[in-house]
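Note that the structure is a prediction, hence the values are computed from the model and not measured. Numbered from 1 within each chain, the chains take letters A, B, ... in sequence-line order.
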Amino acid sequence: MAEDKNNVKIGVYVCHCGSNIAGTVDVEELTRFAQEQTAVAVARNYKFMCSEPGQALIKKDIEELGLNRVVVASCSPRMHEPTFRHVCEDAGLNPYQLDMCNIREQCSWVHKDGATEKAKALVRAAASRAYYLEPLETRRVPVTPAVLVVGGGIAGIQAALKIADGGRKVYLVEREPSIGGHMIQLDKTFPTLDCSACITTPKMAAANAHPNIELMTYSEVVNVQGYVGNFKATIRRKPRYVDESLCTGCGVCQEKCPWKTESEFDCGLGPRKAIYTPFPQAVPNVPVIDPELCVYIQKDGKCGACLKFCERGAVDFSQTEKMVEVEVGAIIVATGYDLMDPSAISRLGYKRFPNVITSMEFERLCNATGPTGGHITVDGREPKSVAIIHCVGSRDQKYHTYCSRVCCMYALKFAHLIQEKVEDAKVYQFYIDMRCYGKGYEEFYQRAASEGITFIRGKPSQVTDLAMSEEEKGKLVVVCENTLVGRPLRVPVDTVILCPAMEARSDAKEVARLFNLSQSADGFLMERHAKLEPVATANDGVFIVGCAQGPKDIPDTVAQALAGAAEALALIDAGTVKLEAATATVSEALCHGCGRCEEICEFHAPTIVRRNGNPIPVSSINQAMCKGCGACAAACPTGAISIKHFTRQQILAELEALSGVPV
Amino acid sequence: MNVNGFEPKIVAFTCNWCSYAAADLAGTSRIHYPPNVRIIRVMCSGMVDPIYVLKAFEAGFDGVLVAGCHIGDCHYISGNVKAQDRIEKLRRVLHTLGLEDERLKLEWISAAEGGGFAETVKEHVGQLKELGPSPFRKETTP
Amino acid sequence: MVGQVLTPRKEPVKILKDPLGNSFEFCYQCGLCTASCRTAYAMKYTPRQIMNLLQLGRVDEAAASGSGLLCTACYSCTFRCPRGVAVTDVMSAVQRLNLARKHADGDVRRFYRSFMRTVERHGRFHEVEFLARYFIPNPLLLTAEVGLGLKLLSKGKISLSPPTMKNRKAMAAMFRKAAEIEGRP
Amino acid sequence: MRYAYYPGCSLSGSSRECEEAIQAVMGVLGVKWTELEDWNCCGAASATGVSYLLSLALPARNLALAEQADSDLVTGCTRCYLNLIRAMHYIQHNANIRDNVNAVLAEAGVQYAGTARLRHVLDVIINDVGLDVVAERVTQPLNGLRVAAYYGCCQGMWTYAQFDSVEDPTCFDRLLAALGAEVVYYPLKTSCCGGSLSMSKRSVGANLIGDLLAAAVAAGADCIITACPLCMFNLNSFQNEAGKIKGTRFHIPVLFLAQLMGLAFGLPPKKLGLHRNVVPPDPLYRKIAAGAAASSVEAVASGPK
């Protein structure tokens, strides 16, 4: 512990980062300045410190000059701290003897004048902090070799399957009565036009049958405790009122049930019963009873048709909500997206005109298992002319600034399907820009274009039923500018399909809190790094995949799902996980055992114990549970608690150096 | 009014999970702000010991910024709430020391709010220029 | 003619010191403004095209087109613009340019001048004086309107006595100051 | 609640019938206000064409006066309302505008602090008085009267944004329902009437007006209701010109909302300035009387409760 501070040898390494830093900060002067700081044995600068030669430079000095502190003045520690910690480790120096000095993100990129001066202050501060750094040993704890996957859409299913194939236990939790998510609602998928159900159902069945996957449908995660490698999740299992082990999925109960409502799965276009499976290929193929609608539950005991007709006696009204606790090493959040409700943009006529529909409603109308058996029938008739309006709520400051990334393509798919199913149908695409960037997408665009679709570049202002001419009578009229000609345009059609924005789930905020994640400005869950850590999050051991992270098409969603699976497997297959080394410690000499820390800690790390022979009780902190947030240290009245790597001494030294005045 | 040529010194204690990341984002998005601010990275705003703030003023900083996650978004569940309580108590102490409210700023800046961070700094610098140097300032070179 | 040659923006398109007049920079040419505009059909250049001309720095072309004069300031475009362009303000800026640079014919320019002159003198609008200022230089206009005029008179909708605003000096002073700040003759 | 009433130029001039109706109706509803002392023109549609600064400073002077009077500034003219709220909005969001405007106002010996509260007569009726009170005052229910509720263009949007839906306002419908009238489906209810184009570019103005009249006729409306004096002026004064363009003859009464309210309150037409309407509304009187008769018959038929 007590190190002779006369032996402190600090090496300071200033990175040019090409011109990113050197372009604004005088690196030579900065290096000279660093050289003059207390206990600095050597100061150098180099083009790219993170490069091989750069790293070698540091290693060499540690070995030859016997450095015992390293300060790297470069980019954000959130970028390269791990890199340089390895460098230290390789050279036999404790990784916690490193201090990063952020002179790029927080200096050269945000300042012009005074950048060099500020860089000096930051370097001096880093050096003085480094002076007091202490070696820490990183503790490893065993990992629970199981994964919790939240959300049973295509992302969740694919991730679960991959992990299960890797021989690991997976709990797949889905809120709805069946897995399948949005994808199973779709009719065909672009650009290959293969039937969505045909490629999804095998995956759903596989997930259901896989020995390593425990499927929990009609269930929700309500609580998550613990830390990376050792999470405890509580799952609420809503009562199905149907015994999964007895039900054969024969469907008699659904035939006999007299109580109808609109089917959520069919976007309200078709009916479902009070006892129902959302769709024929549901997995598990076991119905649930809607307690709101079921008369047996509402008016206790009346009806009970399902009870009577179920030969297996699977209907069981005695079921109640169950809480299940599972232990996992990693969590994958695949909670998907919501489709924006376009009635928010009243001028487009959704909900005012029965023949203005959303893209998802069209998918169901097009689908053989849908409410119309696959015949495109809107408001009772087959539309001979259809307008497809892109960017409804996307690329629009008033709603969502971002592009939803799938609309252009499915709009082309719709056009193709309409022309396939409706004889001499006219289809009009109202677009701002056609974005067909994926593999095979441009080709599909070309194909659709060759099928006689009319492309109109212009964002429509309204859909109206006010006829201004004979040919508009009895039609819906789409009003826009034909921007390529620069004239206002009115297009009479039978049906309008809106392509609403994909938006973050209405409960994204709750999900973010539950799993301790943050949200991007657009409301979607936030990844750790937009480019290099696309599925990892600020919360170690929790990964986000699919549309929960942002709008995506199916290929991207699946790719991310598999990335998430790889991350999770890599984490649990390592067997152990490094724990936060910068945790709280108690100096028992100073502690009075007041218990303030015990009250304040959210993670139940501190407990007040009596050491034998010691009359005063003292605080003792469970290192595995401590997250090093420092709440206890700041609250400790006697200053007995300190946070390793963020000690008072270290922070005050930094402060003093920054102010240029002794504290 | 603005003490002519006076450049206030600010130290910012920023939470590693949100506002420090926000400062990084301001950098990656090249959003410029005055260099008057010096950032000290902490793991959580709840880690900021009142002593640090007092010492900062003692050391001659004209302003102190404590920045954490929005309420409800704390990486450690409620560190920011604790920070808030402490800062409120601390304000009374600062009053008795004759330090104006504006000198100590508590802000919630999420990792997505790079512009927000820059704005906060600009605003604080502006306020401090209005107030002039801290009474505890020993010398005036920034 | 090999087509127009695009030269870099000559006038820094700070249109008449109007801070919102420059929001056309955000425009991504979706045409929602035109689609929302009831008079676009009568414009040489649609509102969207005006934004584009300004983006290309062809301010004079935009002003000369007279599209600005057809804007009724109904604000549909501004309320709906997905890029937050203050379309109405841009159009009125273009309209000001048109009038200031004498692109529009005398009658139109006199319409605006007469109105403002009347307000400058009385602080409030005064139909009779306005009509006098507007019509007298071009009696043809008057004959066109005589029917309506009589109708309004008979309904007692046009008062011959000027409005009664006390602080009329203040008005004149405000007009002077504004002209001074905006550097108008 | 203290109100400073701002009639504006049209209401005190060419649209005085609207003014007369507003005063009469507010009397019945027991709303007391004092006219804003020495108000000036808001710049109407022309100021922006000449001077950006004046288009904000002219309304700003009235706002400043309202601040001095420490009362809500109430106007019954949509165009005035637009110019006033536009000035408030831009001055609030742009320091440079604020400074320039106040520099101009200084010449008039006033400053705009930005604390003024702006109200539309509709807003006062609906939110301060309340539709229940309006319903109570009805002595002559408008049963069977088919009304096209013309909210007017998005100048109105500025208005409706303050107390109703911007794109799909419903306050007229609610108010007219309280009067017992039947609101017909009118898809152009928020389409622009062309404003001053009816004067400065007749061919275009009249064409827009024609669309509005045609849609109302097609909807089988007995009359069109507007709350904007400019719409009122346009829809009343140019029915012939519009008819020529549309190849038909229009003769549909266009009433100011307050005028119709007055009729429902049983006020004499003259008190509501209805004799000044360019298109005589007489057919409506018969219709209303008939409707009333019909309803009283029902009342008798259904017998005493």
Side-chain angles (χ1 to χ4, degrees), chain A residues 75-79 100 102 104-115 117-118 121-122 125 129 509 512-513 516-522 526 530 538-539 580 582 600 602-603 627-636 639 643 645-646 648 651-652 654-656 658-663, chain B residues 7 9 11 13-14 16-18 20-21 23-44 46-52 55-56 58-61 69-70 72-79 82-83 86 110-113 117-118 121 137-139 141-142:
Chain A
C75 50
S76 168
R78 300 167 54 84
M79 186 83 194
M100 293 285 289
N102 187 341
R104 191 179 74 171
E105 284 83 346
Q106 298 183 6
C107 188
S108 70
W109 275 352
V110 287
H111 306 314
K112 253 191 171 30
D113 315 332
E117 281 315 306
K118 178 166 178 176
L122 294 177
R129 178 165 189 271
K509 191 153 187 54
R513 276 183 204 177
N516 202 344
L517 309 172
S518 29
Q519 290 168 278
S520 318
D522 57 17
M526 194 169 175
N539 190 6
E580 185 50 66
I600 213 168
E602 291 279 3
F603 311 99
K627 293 200 186 301
C629 73
C632 54
C636 178
I643 307 296
H645 211 57
F646 291 91
R648 276 187 194 69
I651 288 178
L652 291 179
E654 200 172 349
L655 188 63
E656 168 180 343
L658 285 176
S659 71
V661 183
V663 177
Chain B
E7 285 298 336
K9 284 194 304 181
V11 63
F13 294 93
T14 60
N16 172 71
W17 303 104
C18 52
Y20 189 88
D24 280 353
L25 181 58
T28 40
S29 346
R30 312 295 199 278
I31 303 170
H32 282 234
Y33 55 87
N36 308 51
V37 64
R38 308 273 187 265
I39 294 175
I40 292 182
R41 172 184 176 215
V42 291
M43 292 312 286
C44 174
M47 178 187 267
V48 177
D49 189 325
I51 298 293
Y52 300 162
K55 288 283 188 187
E58 187 184 339
F61 280 100
C69 308
H70 290 272
D73 297 349
C74 176
H75 188 69
Y76 306 105
I77 300 164
S78 68
K82 291 162 190 137
R86 278 186 207 117
S110 84
E113 299 169 328
F117 180 84
V121 172
R137 215 179 220 271
K138 297 187 183 59
E139 35 63 78
T141 54

Which heavy atom in A/Cys632 sits nearest to a heavy atom in A/Ile600, and how many Å separate them? CA-CG2, 3.9 Å
Given a strict heavy-atom distance threshold of 4.5 Å, which part of B/Val48 is in contact with chain A: side chain, backbone, both, or neither? backbone
Under a 4.5 Å cut-off applied to non-hydrogen side-chain atoms, are B/Lys9 and B/Arg137 in contact? yes
Classify the angle between the aromatic ring planes of B/Phe13 and B/Tyr52 as parallel (below 30°), tilted (30 to 60°) or perpendicular (above 60°). parallel
Toward chain B, the part of A/Ser520 with a non-hydrogen atom under 4.5 Å: backbone
Using non-hydrogen atoms only, which part of A/Leu517 is less than 4.5 Å away from chain B: side chain, backbone, both, or neither? neither
Part of B/Ile40 lying under 4.5 Å from any heavy atom of chain A: both
Out of B/Ala21, B/Gly79, B/Pro50, return the one with the most heavy atom pairs under 4.5 angstrom to chain A. B/Ala21
Which atoms of A/Ala631 are under 4.5 Å from chain B, going by heavy atoms: the side chain, the backbone, both sets, or neither? both
Scanning both residues in full, the closest heavy-atom pair of A/Arg648 with A/Ala633 reads NH2-O, 3.3 Å
Sort A/Ala635 into side chain, backbone, both or neither according to what part of it lies under 4.5 angstrom from a heavy atom of chain B. both
Heavy-atom proximity to chain A below 4.5 Å, by part of B/Arg41: both
Distance, nearest 0.5 Å, that separates CG of A/Asn516 from CH2 of B/Trp17: 9.0 Å
Please determine, among B/Glu113, B/Lys82, B/Met43, the option with the most heavy-atom pairs under 4.5 Å with chain A. B/Lys82
Distance-minimising heavy-atom pair for B/Cys69 and B/His75: SG-N, 4.5 Å
What part of A/Arg129 gets within 4.5 angstrom of chain B, counting heavy atoms only: side chain, backbone, both, or neither? neither
Looking at A/Ser659 and A/Glu656, what are the two nearest heavy atoms and their distance? OG-O, 2.8 Å
Where does A/Asp522 contact chain B at under 4.5 Å (heavy atoms): side chain, backbone, both or neither? neither
Partners passing ring pair (Phe, Tyr, Trp, His ring centres under 6.0 Å) against A/Phe646 (at least two apart in sequence or in another chain): none
Less than 4.5 Å to any heavy atom of chain A: does that hold for the side chain of B/Ala83, its backbone, both, or neither? neither
Return the option, out of B/Asn36, B/Asp24, B/Asp49, with the maximum number of heavy-atom pairs under 4.5 Å with chain A. B/Asp24
Would you name the heavy atoms of B/Thr14 and B/Phe117 that are closest together and state the gap between them? CG2-CE1, 4.2 Å
Pairs of heavy atoms under 4.5 Å with chain B: top-ranked of A/Pro77, A/Gly639, A/Ala512: A/Pro77
Heavy-atom pair count under 4.5 Å with chain A, highest-scoring of B/Cys74, B/Ala118, B/Gly46: B/Gly46
For the student: nearest non-hydrogen atoms of B/Ala23 and B/Ile39, plus distance: CB-CD1, 3.8 Å
